[in-house]
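All remarks here apply to the structure that follows.
Source: prediction; values computed, not measured. First the proteins, then the strands, lettered A, B, ... as listed; each starts at 1.
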Amino acid sequence: MSKPAAAFQAAASAYVGERETRAFLRQSLAGYLAQRRTGEERFQDWEEARVAASAAKGEALDYLDRYLADFLTRIEKRGTRVFFARDAARARERVVEIVREHDAKCIVKSKSMTGEEIDLSETLEHLGYEVVETDLGEYIVQLRGERPFHIVAPAMHLRREEIRELFAGKIGPEAGRSAEPEALTMDARRAIRRKYLEADIGISGVNFAVAETGQICVCTNEGNGRLSTSLPRVHIAVMGLEKLVPNLDDLALLLPMLATAGTGQHLTGYTTIIGGPRQPGEADGPEEFHLIILDNGRTALLADDEQRDALHCIRCGACIYMCPIFKNIGGHSYGTTYMGPIGSVITPHLRGLEEWRHLPSSSSLCGACTETCPVRIDLHHHLLHNRRNAAAAHPAPLEKLALRAYGWLAGRPALFSLAGKLGKLALRAFSPLLGTALDPARGWTRCRALPEPPRQSFREWWKTHEPEPASERDDDDEE
Amino acid sequence: MSAPNDDRDLIFRRIREAIRIRRENLPDHGDAERYRQLLPPVRASLQARIELFREWSDKLNTRFIAANPSDWRAEIASLAAAEGWKSSAFHGTGLAREATEAAGLPAATALDTTRGYDPERLEACDVGFTDCEALVAQTGSVLLTSRGNGGRALSVLPPHHVVIATAGQMVPDLLAAMALIRERHGAALPSLVTLHTGPSRTGDIERQIVLGAHGPKKLTVILILD
């Protein structure tokens, strides 16, 4: 078992036992679901909107060389300095280089999952720079030394009292006097406000990049994205190369869909479209705007035309909310930047199938992810594709032999029926050992009760219940 | 750590190689006309648009005041009295300037961001007045740019943002807002275009909505009717 697989299993087993946290999470998810439903109902046709959204992202990706070239010409013309990074290390090095050039002391950062992907904050902090995560949820998990629990709601696993204690301990005696969300939010507002004025550099992510106009779009609710990109004299944005959309009309379609799928809102509070540094005649804004465009495994996924649509992802987090596995093991167990179904689809591509092939198996293949995805990524089939690829890379001869033996047996009715009866007896004899150290299937049986074997096999039951011949059957059977 | 090389050429090569196979089952790429049949509907009349904007404002905790040309200044004066504003920021020579005057905070002593300003002073202001590019009925949003509406920080740093708009600026939907940006600014885009939809908010603690997380705690939109 790979190291991440072992860590995954240990963390998941531990989280499953945390009943209170899981109940708290379920309650929070119920709130999301209700708002999400209302959100979809506002659309004239949500289902067709999903088709259109998928087409817009698909168009951008299938002709990515052209759209990206157009985007670059336009955004660079306004003085944006673009840097392409093949992997996380190069992206980090480039950011560090910019930070050093400007002799920066304090950096404000608005939420960026691509930033998480390349360990940006940790790298800068390690080098001695002060990095302030300004998104409230992200600020909370930063103070705890944790990773986000969910890509849209980083601190959704924490209760107000835990946050109060954290603030009282980490911010100072003036904070954490009340556990009311209102008071806690104001604690964070006061703690961060000065930083916007003091920071030399603001870092943001990118939700969309518009080829038509050469602009990036950043969505936040708190206004931290606006402040982080207004006052500091340098703005650095980090984006995955899959963020492109062809034009502004696509943006008008995708923005309300992102908000609806992400939080049930009709539109995120601050939708900010940036096309460069401060332009002539403007009152303020950064003198320099650096855009870092990251590959880090994305072109490999682009080359996989079976799973290319995984790059349609707009990081709304809906598939994670919907996933029964996420509900039971929580966001930290995955040990990845992107958790839940989308994470289990793309992580093996971004970080290597060898170490992460356990992820596609941590799914029930129920399809709730695919159904909820606003850009119609075929998530549960891609989980299956990843399992297939993992099996091809790692043949399991025993499993294969067992299935072949089963196939042989199932083709011989008399033997099959005898084996069923013998199996029942064997199971009865073996039952005291189930789940004990002597049970080879212990991993499965120790926390599951086996159902009573039925008295009658299905084949026996069928003999007495076989329906009349086809003539009486309903013709317009809906199957 | 030495300066890293730019991987532009490498990545473009990888992309071209990757997309040699195009997908056959992709649905057709739509346009504004198609999207307008899918997105939340907006009725055509100005009255209906204003009503929709008001509905969103109520849900978002935006204070929305529709006033006649003769009495919008009085609305601001009474707001100023109720809020106890002592200092303000504005921009330029248009409606934002008239607004600070109406609030009893003369433009001569208030902060005009278009003349170069100290961020510390802007941060200390009780209120920021701006005009806007447009209002969007479909979403209850205010459309602003860094060129036309006093820069980037004026609309987001002071704790109260007051927007003065005219009825003709009420566009139906996001698609119309995008068309407006394209037509008005396509030749030379401002460095920042932004939609503000309600005051600053967060739901990061137990999904409970709190206003004023980082940006303005209050947003007021005053619409001058024709």
Chain A contact residues among residues 189-203 of chain B, heavy-atom distance under 4.5 Å
B:Leu189, B:Pro190, B:Ser191, B:Leu192, B:Val193, B:Thr194, B:Leu195, B:His196, B:Thr197, B:Gly198, B:Pro199, B:Ser200, B:Arg201, B:Thr202
Name the region of A:Leu253, side chain, backbone, both or neither, that has any atom closer than 4.5 Å to a heavy atom of chain B.
both
Donor-acceptor pairs under 3.5 Å, side chain of residues 51-58 of chain B to any protein atom, not counting sequence neighbours: which ones?
from	atom 1	to	atom 2	distance (Å)
B:Trp56	NE1	B:Gln138	O	2.8
B:Ser57	OG	B:Phe53	O	2.8

Mind ranking A:Lys77, A:Met186, A:Met156 by heavy-atom pairs under 4.5 Å with chain B and telling me who comes out on top?
A:Met186
Who in residues 118-127 of chain B is close to chain A, using a strict under-4.5 Å heavy-atom cut-off?
B:Pro119, B:Glu120, B:Glu123
Contacting moiety of B:Leu60, where chain A heavy atoms sit under 4.5 Å
side chain
Contact origin within A:Leu68 toward chain B - heavy atom pairs under 4.5 Å
both
May I ask you to name which of A:Pro280, A:Ala56, A:Ser54 has the most heavy-atom pairs under 4.5 Å with chain B?
A:Ala56
At their closest point, which heavy atom of A:Ala85 faces which heavy atom of B:Ile11, and how far apart are they?
O-CD1, 3.5 Å
Can you pull the side chain to side chain donor-acceptor pair (under 3.5 Å) pairs that have at least one residue in residues 85-98 of chain B, sequence neighbours excluded?
B:Arg73-B:Glu98, B:Ser88-B:Thr100, B:His91-B:Asp131
Residue of the set A:Asp62, A:Asp309, A:Asp304 for which salt bridge (charged side-chain N to carboxylate O under 4.0 Å, His left out) holds with B:Arg23:
A:Asp62
Between A:Glu180 and chain B, which part of the residue has a heavy atom less than 4.5 Å away: side chain, backbone, both or neither?
side chain
Of all heavy-atom pairs linking A:Asn224 and B:His214, the shortest is CB-CD2, 3.6 Å
